[in-house]
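Owing to the predicted nature of the structure, the values given are computational and were not obtained by experimental measurement.
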Amino acid sequence: MDNRQIARVFADLAVFLTLKGDSVFKVRAYERVAESIENLPFELADVAQDEKRLRAIPGFGEAITSKVQELAATGKLRLHEELKAEFPAGVLTLMQVPGIGPKTALKAVQELGIKDLAGLEQSLASGAFAQLPRVGERNAANILRHLRARMAQGDRVPIGDALPAAERVMAALRQRCPDVRNLTYAGSLRRGRETVGDIDLLCTADRPAEVIAELASLPSVRDVMGKGDTKGSVVIDSGLQVDLRVTDDASLGALLLYFTGSQRHSIRLRERAQKMGMSLNEYGLTDVATGRLEHFENEEAIYSRLGLPFIAPELREDAGELEAAERGELPRLVELADIRGDLHSHTDWTDGRAPLEEMAAAARRHGRQYIAVTDHSPSQTVSGGLSVERLREHTVAVRRADATSPGIRLLAGTEMDILADGSLDYPDAALAELDIVLGSVHGAMDQDRDTMTRRVIRAMASPHLDVLAHLTTRLIGRRAPVEIDAEAVFKAAVETGTVLEINASPPRLDLKDTHIRMARELGVVFALSTDAHRPEEFGWVRYGVEQARRGWCEGWRVINTLPFEELSSFLALPKGERYARVARRD
DNA sequence: GCCGTTTTCGGCCCGACTGTTTTCAGTCG
């Protein structure tokens with residue numbers, strides 16, 4: 001049972017206990033622990049016997065710890081099974097739609113006989129649903145829109161689609177509304193999550209209503225869901241919902257903090273404010289004794305007033321960032337500007353879409369000082385993987401392009417398959433001639449966990465395998481990650497001096513944020529690369545930087561923040577000496 | 001349910017919106 005499934009059980013328990021009228025605080029404890037479990041950097045099932053380790057997780061007391069142990073041991077929870085039997089199955093289904101909570105869902109099933117989303121749509125369209133207590137026309141109309149949006153495109157959108165969409169809307173607003181200031185995105189997009197549910201925009205302006213009106217009239221807007229004086233909500237052509245809120249300059253800080261979240265982080269900040277005799281809301285901090293409201297132009301000022309350093313949006317998940325901030329131990333996170341090179345790219349020698357020279361020129365335009373050209377190895381027959389002979393020609397071509405391409409250095413490399421038994425797709429002699437060797441799992445992806453773990457660790461033992469690329473091979477929303485003991489792989493990486501790739505390609509984002517966090521704590525060193533197959537894909541590096549930051553990754557820990565000469569001498573070292581070289585940079 | 005440099009018992013974030021609620025319930029972010 002993985003963390004997602006365990007979290008699901010506790011979220012279900014929260015719903016059932018709400019329906020039973022149990023204590024709201026008990027319900028909140030379950031909700032909170034469900035979120036906490038989803039953000040864990042390790043699998044609960046792996047540590048279920050270690051009661052001390054479980055109890056150290058926030059929200060884990062006696063009762064929840066024993067429930068987790070029961071789940072890990074049996075795959076089931078007696079209490080969960082009992083409650084599931086007590087309530088109709090449709091309740092949890094209906095609750096997936098925004099606007100429907102536990103109470104409404106139960107009434108819908110009991111009084112209207114709705115069992116699934118199709119039945120829900122019918123009931124909403126016919127007007128029957130609006131007759132339920134405390135629903136009404138307006139709520140029903142909103143629920144129907146949410147439902148149709150969900151049926152059209154699933155519930156969350158990859159950051160690789162959402163961020164460009166947000167930037168297009170922002171550019172259009174700036175152009176049509178000179179009055180707009182401080183326009184920025186907030187929410188999970190600003191926190192850099194790999195998928196987002198909607199786009200939250202904020203700005204300040206002298207005439208807010210005009211800005212809202214402009215938003216509603218943008219050509220890309222398909223549907224206007226709400227339009228007030230300071231808040232507008234629209235659906236753009238890609239199906240994404242965009243919310244815009246306008247405020248005055250004096251209150252921007254509190255509003256930005258509030259709409260960036262996460263909710264858990266906000267709650268912790270409010271609890272902290274409370275202990276200091278203040279109340280925090282989206283307008284500012286109120287002194288409870290005097291009732292005086294203090295405004296803040298930026299987030300730094302609020303954190304400072306609460307006795308904390310600024311906490312980067314990517315860290316705001318209530319995953320230890322407040323404790324670290326208090327101790328003055330927040331990491332100096334990697335920034336986009338730190339990234340000098342890209343160590344994973346493809347050309348039309350294999351499955352890339354552009355010639356070597358074009359890719360080099362594009363990388364330079366994107367601000368890279370060097371790239372590794374890493375086309376595929378023979379087992380990748382569908383991608384035209386290079387034979388040993390072709391690899392040699394490829395290397396000659398890369399070295400020639402390196403000599404003739406101004407403003408950028410090229411490394412001759414390969415993205416080589418790690419075969420099913422952990423052996424490598426090229427002989428050692430061929431690998432020894434390359435500047436850099438990436439190793440990837442591309443086939444036999446359905447191996448069991450032990451086999452896959454042994455396979456990858458065996459490959460890392462090779463003195464030639466410099467970087468382990470996209471560890472889990474997942475494709476977000478399309479292909480599940482391989483079964484693998486990530487912690488064992490990270491420990492082996494440290495032991496062997498193998499670098500772990502943070503693959504920045506939006507469909508992959510592999511390692512994912514929680515993996516990066518765990519690997520970092522074990523001392524792993526990373527390469528942050530785009531896996532570009534087209535010239536414009538070098539721009540994907542920003543998504544990798546966001547995931548790295550979510551994983552608390554410092555700039556010094558990423559080898560392609562090194563200048564070219566230093567990177568070259570890093571790669572020239574025997575693997576066993578490399579980690580020590582990087583660690584000294586802090 | 002959990003949690004504690006004010007507490008091992010008594011707390012547990014805050015405001016907006018919608019509805020049919022004459023003082024609050026449900027839901028969301």
Engineer: Can you find a donor-acceptor N/O pair under 3.5 angstrom joining the side chain of Tyr283(A) to the base of dG15(B)?
Structural biologist: no
Engineer: Using purine N1 to pyrimidine N3 plus N6-O4 or O6-N4 for Watson-Crick, or N1-O2 and O6-N3 for G-U wobble, each under 3.5 Å, what pairs with dC24(B)?
Structural biologist: dG19(B)
Engineer: Looking only at atom C1', what distance separates dT22(B) and dT27(B), rounded to whole Å?
Structural biologist: 22 Å
Engineer: Of the options dA16(B), dC13(B), dT21(B), whose atoms approach the side-chain atoms of Arg134(A) most closely?
Structural biologist: dT21(B)
Engineer: Taking for each residue the nucleotide of DNA chain B bearing the nearest heavy atom, is the 5' side occupied by Met278(A) or by Pro58(A)?
Structural biologist: Pro58(A)
Engineer: Measure from the side-chain heavy atoms of Tyr30(A) and tell me the nearest of dA16(B), dG1(B), dT27(B).
Structural biologist: dG1(B)
Engineer: With the 90 degree cut-off around zero defining syn, does dT7(B) come out syn or anti?
Structural biologist: syn
Engineer: Distance check needed: dG15(B) P versus Ile267(A) CD1, whole Å only.
Structural biologist: 13 Å
Engineer: Which part of the nucleic acid, if any, lies within reach of Leu17(A) when heavy atoms closer than 4.0 Å are counted: base, sugar-phosphate only, or nothing?
Structural biologist: nothing
Engineer: Could you measure between the two P atoms, the one in dC17(B) and the one in dC13(B), and give it in whole Å?
Structural biologist: 22 Å
Engineer: Taking CG from Asn142(A) and P from dG19(B), how many angstroms apart are they, rounded to a whole number?
Structural biologist: 9 Å
Engineer: Examine the base of dG29(B) for any acceptor or donor lying under 3.5 Å from a partner atom in the side chain of Gln263(A), and report the outcome as yes or no.
Structural biologist: yes
Engineer: What's the closest nucleotide to the side chain of Lys26(A) if the choices are dG19(B), dT27(B), dG1(B)?
Structural biologist: dG1(B)
Engineer: Taking the C1' atom of each, how far is dG11(B) from dT6(B), in whole Å?
Structural biologist: 13 Å
Engineer: With nearest nucleotide decided by heavy atoms, which residue, Ser279(A) or Pro133(A), maps closer to the 5′ end of DNA chain B?
Structural biologist: Ser279(A)
Engineer: Parallel, tilted or perpendicular: which describes the rings of Phe87(A) and Phe16(A), with under 30° parallel and over 60° perpendicular?
Structural biologist: parallel
Engineer: If you look at every strand shown and take non-hydrogen atoms under 4.0 Å, does Leu269(A) touch a base, only sugar-phosphate, or nothing?
Structural biologist: nothing
Engineer: Nearest whole Å is fine: how far is dG26(B) C1' from Ile143(A) CD1?
Structural biologist: 11 Å
Engineer: Classify Val33(A) by what it touches in the nucleic acid, base, sugar-phosphate, or nothing, heavy-atom distance under 4.0 Å.
Structural biologist: nothing
Engineer: Do NZ/NE/NH1/NH2 and the carboxylate oxygens of Arg268(A) and Asp318(A) come within less than 4.0 Å?
Structural biologist: yes
Engineer: Check the distance between dC2(B)'s P and Leu13(A)'s CG and give it to me in whole angstrom.
Structural biologist: 12 Å
Engineer: Please find the pair of heavy atoms, one from Ser251(A) and one from Tyr283(A), that lie closest to each other, and give the distance.
Structural biologist: CB-O, 4.3 Å
Engineer: Pick the C1' atom in dG29(B) and in dT23(B), then give their distance to the nearest Å.
Structural biologist: 25 Å
Engineer: What is the separation between atom CD on Glu282(A) and atom P on dA16(B), rounded to the nearest whole Å?
Structural biologist: 6 Å
Engineer: Distance check needed: dC14(B) C1' versus Arg272(A) CZ, whole Å only.
Structural biologist: 18 Å
Engineer: Which value, in whole Å, describes the distance between the C1' atoms of nucleotides dT5(B) and dG1(B)?
Structural biologist: 25 Å
Engineer: Which whole-number value in Å describes the distance from Tyr258(A) OH to dC28(B) P?
Structural biologist: 13 Å
Engineer: Distance check, C1' atoms only: dT20(B) and dA25(B), in whole angstrom units.
Structural biologist: 12 Å
Engineer: Tell me whether the OP1 or OP2 atom of dT5(B) has a side-chain N or O from Lys275(A) closer than 4.0 Å.
Structural biologist: no
Engineer: Which nucleotide sits closest to the side chain of Arg138(A): dC24(B), dG1(B), dT18(B)?
Structural biologist: dT18(B)
Engineer: Any side-chain heavy atom of Thr230(A) sitting closer than 4.5 Å to one from Arg245(A)?
Structural biologist: no
Engineer: If you measure from the C1' atom in dC12(B) to the same atom in dT7(B), how many Å do you get, rounded?
Structural biologist: 13 Å
Engineer: Considering only side-chain heavy atoms of Ala29(A), which listed nucleotide, dT27(B), dG1(B), dC13(B), is closest?
Structural biologist: dG1(B)
Engineer: Strictly by modelled atom types, are Asp510(A) and Thr472(A) linked by a side-chain donor-acceptor pair under 3.5 Å?
Structural biologist: yes
Engineer: I'd like to know if Arg28(A) reaches the base of dC12(B) with its side chain such that a donor and an acceptor end up less than 3.5 angstrom apart.
Structural biologist: no
Engineer: Checking Glu317(A) against His265(A): is there a side-chain donor and acceptor pair closer than 3.5 Å?
Structural biologist: no
Engineer: When we call it a touch if two heavy atoms are under 4.0 Å apart, what does Lys67(A) touch: a base, just sugar-phosphate, or nothing?
Structural biologist: sugar-phosphate
Engineer: Rounded off to whole Å, could you give me the CD-to-C1' distance for the Glu271(A) and dG11(B) pair?
Structural biologist: 11 Å
Engineer: For the side chain of Asn139(A), counting heavy atoms from C-beta on, which of dG15(B), dT18(B), dC2(B) is nearest?
Structural biologist: dT18(B)
Engineer: Can you give me the closest heavy-atom contact between Arg520(A) and Trp552(A), atom names plus distance?
Structural biologist: NE-O, 2.6 Å
